[in-house]
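Residue numbers start at 1 and run along the sequence shown. Bear in mind that the values here come from a model prediction, so they are computed numbers and not experimental data.
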Amino acid sequence: MATLYDLGLETAALQDLKALFARATEESGRLIRADHTSVFRYEEAEEVLRLYAACSREPSERKEQPSFRLGEGIAGRVARDLLPLLVNDAEQHPDFVPRDKPVARILCVPLTHFDRARETSVLYGVLNATRKPGSAPFGDDDLEYLTRFAGQLSIAVANSVAFSGERERSNQEEGGGAHRRHGRSK
C-alpha cells in the first residue's frame, strides 16, 4: 500500500496523460508480476477501447493496435459492466478474444472518474494485466491491489484533466488580456 500511495503522489503531478499511463502500466505490472500490462482508453463517441499505453517484461514487436468494442472481449465486458474481472483460464472464458501472444491469466479493472457536469461516474478506460500460460495464477490480493491502483490512477487522471483545463483557461485569459491591452493602445 505504501508503494501505491507513493506512486499516486508521483503520478498525480504528471500532466501528460500518456506519460501518466506509461508509468502506471510499468509500476502496476511490476508490483503484481504481470507479463504485460496495458491501459485501453475508452472513446465514448465510437464506444470503443483503444490501446493507449502498455508495458511488457519482454520486448515486443507488436504491430497491431488492439481495440475492443464496448462489451467485446474481457476488456470490453469490464468497460461495459464497470466491474473488475479476474480470469485464470482465459481460453475457457466466453469473453476471451485470442491475440498474437498466448495469454492464460487476465486481470482487468475499470478506470472511472466522477464527471461533475454529468454528476455521475464515467468510464475513462480499463487497466489490464496478463500472465502467460504456465505462470502462477492471479489471486484475490492481486485483484484487490489492481483495483485500488486503478482508483488512485483515476484520481490522478481527474487531477491531470482538471489541471490541463485550468491551465488552458488561464492561457486563454492571458491571451485575451494581452489582446485587449493591445487594442486600447491603437
Side-chain angles (χ1 to χ4, degrees), residues 7-8 10-29 34 36-56 60-87 90 93-101 103 106-130 143 146-176:
L7 184 63
E10 185 179 316
T11 58
L14 291 173
Q15 296 159 15
D16 175 6
L17 288 180
K18 198 77 152 163
L20 173 72
F21 283 116
R23 180 83 170 115
T25 58
E26 179 183 325
E27 282 302 306
S28 61
H36 186 267
T37 313
S38 56
V39 168
F40 285 84
R41 189 169 179 181
Y42 181 58
E43 296 178 10
E44 190 173 8
E46 298 176 44
E47 293 191 337
V48 69
L49 293 160
R50 295 196 197 286
L51 183 65
Y52 191 63
C55 182
S56 182
S60 175
E61 293 184 24
R62 173 173 269 167
K63 293 178 181 140
E64 73 170 323
Q65 291 294 317
S67 63
F68 296 94
R69 301 220 40 87
L70 191 63
E72 175 191 18
I74 291 172
R77 176 181 172 175
V78 167
R80 180 193 66 211
D81 299 345
L82 298 179
L83 295 171
L85 192 58
L86 183 155
V87 177
H93 197 278
D95 293 318
F96 178 66
V97 177
R99 297 290 180 180
D100 57 343
K101 293 197 177 206
V103 171
I106 301 173
L107 265 180
C108 191
V109 297
L111 296 168
T112 60
H113 66 94
F114 187 78
D115 184 325
R116 289 183 181 167
R118 298 183 196 182
E119 296 185 0
T120 189
S121 288
V122 295
L123 179 69
Y124 188 82
V126 297
L127 177 58
N128 190 58
T130 63
L143 179 60
L146 204 61
T147 301
R148 288 178 187 227
F149 187 91
Q152 289 285 25
L153 184 55
S154 293
I155 290 168
V157 168
N159 289 342
S160 178
V161 168
F163 184 80
S164 293
E166 187 60 36
R167 188 177 59 214
E168 186 175 307
R169 280 188 293 279
S170 178
N171 288 343
Q172 288 174 351
E173 287 173 5
E174 287 174 11

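Looking at heavy atoms from C-beta onward, Leu111 lies in side-chain contact with Phe21 at the 4.5 angstrom threshold. In this structure, Phe40 and Pro66 have side chains that are in contact, with non-hydrogen atoms separated by less than 4.5 Å. Side-chain contact check for Glu26 versus Thr37: every heavy-atom pair is 4.5 Å or farther apart. For the pair Leu107 and Pro84, the minimum side-chain heavy-atom distance is 4.5 Å or more. Within the 4.5 Å cutoff, the side chain of Leu127 has heavy atoms near those of the Phe149 side chain.
Listed by chain and number, the residues in a side chain to side chain donor-acceptor pair (under 3.5 Å) with Arg41 are Tyr52, Tyr124 (sequence neighbours excluded). Residues satisfying the ring-ring contact (aromatic ring centres under 6.0 Å, His included) criterion with Tyr42, sequence neighbours excluded, are absent altogether. Taking Arg50 as the reference, Glu43, Glu46 meet the side chain to side chain donor-acceptor pair (under 3.5 Å) condition, with sequence neighbours excluded.
What you find for Pro110 and Ala150 is that their closest heavy atoms are O-CB, 3.8 Å. Contact detail for Ala90 and Ile106: the closest heavy-atom pair is CB-CD1, 3.9 Å. A pairwise comparison of heavy atoms in Val97 and Gly73 identifies CG2-CA, 3.6 Å as the closest pair. Shortest non-hydrogen contact noted between Thr25 and Cys55 is OG1-CB, 3.6 Å. Residues His113 and Ser154 share a closest heavy-atom pair of CB-O, 4.4 Å. Listed here is the closest heavy atom pair of Leu146 and Ser28: CD1-CB, 3.9 Å.
Partner Ile74 forms a side chain to side chain contact (heavy atoms under 4.5 Å, CB included) with one of Val103, Asp95, Val126 and no other, that one being Asp95.
To the nearest 0.5 angstrom, Leu49 atom CG is 11.5 Å from Arg80 atom CZ.
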